[in-house]
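Just below is one structure, and these are the notes that go with it.
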Amino acid sequence: MITVLLVLHLFVTLALIGVVLLQRSEGGGLGVGSSQGMGSFMGGRGTANLLTRSTAILGAAFFALALTLALLTKGASQQNRSILDGPAPITAPAAPALPSLPSVPTN
């Protein structure tokens, strides 16, 4: 189940990247989404609406899949536990070394 969702997430990610790159930016960018590149299929306005709607749908699918994968794999692995979760190791404190006193001669 997780593998299928992960592969679907990868496809949605690649499609989202492609759709974003097709859009015409203010500075020109790739500009593939303009009416010159599409021929008589759609006008410039229709292409912009289609790409904007596709971006919104793919973005929503990306976030939904990311949240679903995060919730499904929340408790799957105990090996990657945080070091803050476990109890602290018990160690005995080091005993301080007492200085030896010089022997006093008795008279």
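The minimum heavy-atom distance linking Gln23 with Leu51 is given by the pair NE2-O, 3.2 Å. What you find for Leu58 and Val12 is that their closest heavy atoms are O-CG1, 3.6 Å. When all heavy atoms are compared, the tightest approach of Ser54 to Val19 is CB-CG1, 4.1 Å.
Following chains of ILVMFWY side-chain contacts shorter than 4.5 Å, one can reach Leu16 starting from Leu6, so the two form part of one hydrophobic cluster. One hydrophobic cluster, built from ILVMFWY side chains closer than 4.5 Å, holds both Phe62 and Ile2. Residues Leu69 and Met1 share a hydrophobic cluster, clusters being chains of Ile/Leu/Val/Met/Phe/Trp/Tyr side chains in contact below 4.5 Å.
Distance check, rounded to the nearest 0.5 Å: CG of Leu10 to CG of Leu65 gives 11.0 Å. To the nearest 0.5 Å, atoms OG1 (Thr68) and CG (Leu5) are separated by 6.5 Å.
Listed by chain and residue number, Arg53 satisfy the side-chain contact (heavy atoms from CB on, under 4.5 Å) test with Ile57 (two or more places apart in sequence, or in another chain).
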